[in-house]
Amino acid sequence: MRSVEVLFVEDNAGDALLASQVLAEAPFPVKLHIARDGSQALLMLSDESFKPDVVILDLTLPEISGFEMLKQYHRADVPVVVFSASAKESDKLLAKSLGACEYVVKPTDLEIFREAVWGMVQRWGVGQLGDQAGAAAP
């Protein structure tokens with residue numbers, strides 16, 4: 001099984017490090033790419049050779065916000081999951097209306113954080129691998 005390519009868009013170094021540690025322990029192979037702001041993420045995603053299986057996106061980013069990134073980035077074959085500290089219903093509705101496939105509120109508990117990150121990657125990244133393998137089968 002090839003590694004799941006994950007683009008984690010997060011300006012908080014602690015959250016990025018924690019996600020990196022959590023994904024290093026995942027029960028499936030993961031190749032993690034980190035963008036520190038929305039403009040860096042858009043630049044990475046504009047590279048034709050870079051095709052992540054899933055994008056995990058924080059909303060409160062410098063330069064270009066997560067909402068603005070959702071407005072600018074549209075690829076039907078790459079799911080974007082919002083992973084935000086905001087539990088506001090209006091943020092959830094706006095993110096979904098802009099194309100996010102899921103909205104997950106960042107937990108403060110380490111074990112729940114691990115389960116949330118693994119769950120997002122498993123649902124949207126590993127699932128993508130399965131779809132690709134199924135499409136290639138006769």
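Nothing fancy with the numbering, it's 1 onward along the sequence.
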Legend entry - side-chain contact (heavy atoms from CB on, under 4.5 Å) partner of Val9, the single match among Leu57, Leu45, Ile34, Val80: Leu57

Inset, instruction - Give me the ring orientation class for Phe83 and Phe113: parallel if the planes are under 30° apart, tilted from 30 to 60°, perpendicular past 60°. - result: tilted

Legend entry - Close side-chain approach of Trp118 to Leu23, heavy-atom, < 4.5 Å: yes

Legend entry - Joint cluster assignment, Ile112 & Val82, ILVMFWY side-chain distance < 4.5 Å: no

Legend entry - Within 6.0 Å of NZ in Lys51, more than 12 heavy atoms from elsewhere: yes

Legend entry - Side-chain heavy atoms of Glu10 within contact of Arg36, under 4.5 Å: no

Legend entry - Verdict with supporting geometry, Tyr103 and Ser86, side-chain contact (heavy atoms from CB on, under 4.5 Å): CA-CA 10 Å; Tyr103 190 105; Ser86 171; 3.6 Å; yes

Legend entry - Residue pair Val6 / His33, side-chain heavy-atom distance below 4.5 Å: no

Legend entry - Partner of Asp53 under salt bridge (charged side-chain N to carboxylate O under 4.0 Å, His left out), chosen from Lys31, Arg2, Arg75: Arg2

Legend entry - Spatial distance of atom CE (Met44) from atom CZ (Phe50) [nearest 0.5 Å]: 4.5 Å

Legend entry - Verify same cluster id: Leu43, Val55 (apolar side-chain graph, 4.5 Å): no

Legend entry - Transitive ILVMFWY side-chain link Phe8 to Leu110, under 4.5 Å: yes

Inset, instruction - Could you tell me the separation between the NZ atom of Lys71 and the OG atom of Ser97, rounded to the nearest 0.5 Å? - result: 9.0 Å

Please tabulate, one pair per line, all N/O donor-acceptor pairs under 3.5 Å involving side-chain atoms of residues 15-22, not counting sequence neighbours.
from  : atom 1 : to     : atom 2 : distance (Å)
Asp15 : OD2    : Lys106 : NZ     : 3.0

Legend entry - Side-chain donor or acceptor of Ser3 paired with backbone N/O of Glu5 under 3.5 Å: no

Output side-chain donor-acceptor pairs under 3.5 Å for residues 59-67, partner residues at least two apart or in another chain, one line each.
from  : atom 1 : to    : atom 2 : distance (Å)
Glu63 : OE1    : Ser39 : OG     : 3.4
Ser65 : OG     : Phe67 : N      : 3.4
Ser65 : OG     : Glu68 : N      : 3.1

Legend entry - Pair Asp91 + Lys96, salt bridge at N-O below 4.0 Å: no

Legend entry - Gln40 side, atom CD; Asp11 side, atom CG - distance, nearest 0.5 Å: 11.0 Å

Inset, instruction - Indicate the atoms forming the closest heavy-atom contact of Ala85 with Val105, along with that distance. - result: O-CG1, 4.0 Å

Inset, instruction - Taking all heavy atoms of Pro79 and all of Cys101, pick out the closest pair and write down the distance. - result: CB-SG, 3.6 Å

Inset, instruction - Not counting sequence neighbours, which residues clear salt bridge (charged side-chain N to carboxylate O under 4.0 Å, His left out) with Glu89? List them please. - result: none

Legend entry - Where Val30 and Ala26 come nearest, the two heavy atoms and their spacing: CG2-CB, 4.3 Å

Inset, instruction - Side-chain contact test, heavy atoms from C-beta onward, threshold under 4.5 Å: evaluate it for Asp58 versus Asn12 and give yes or no. - result: no

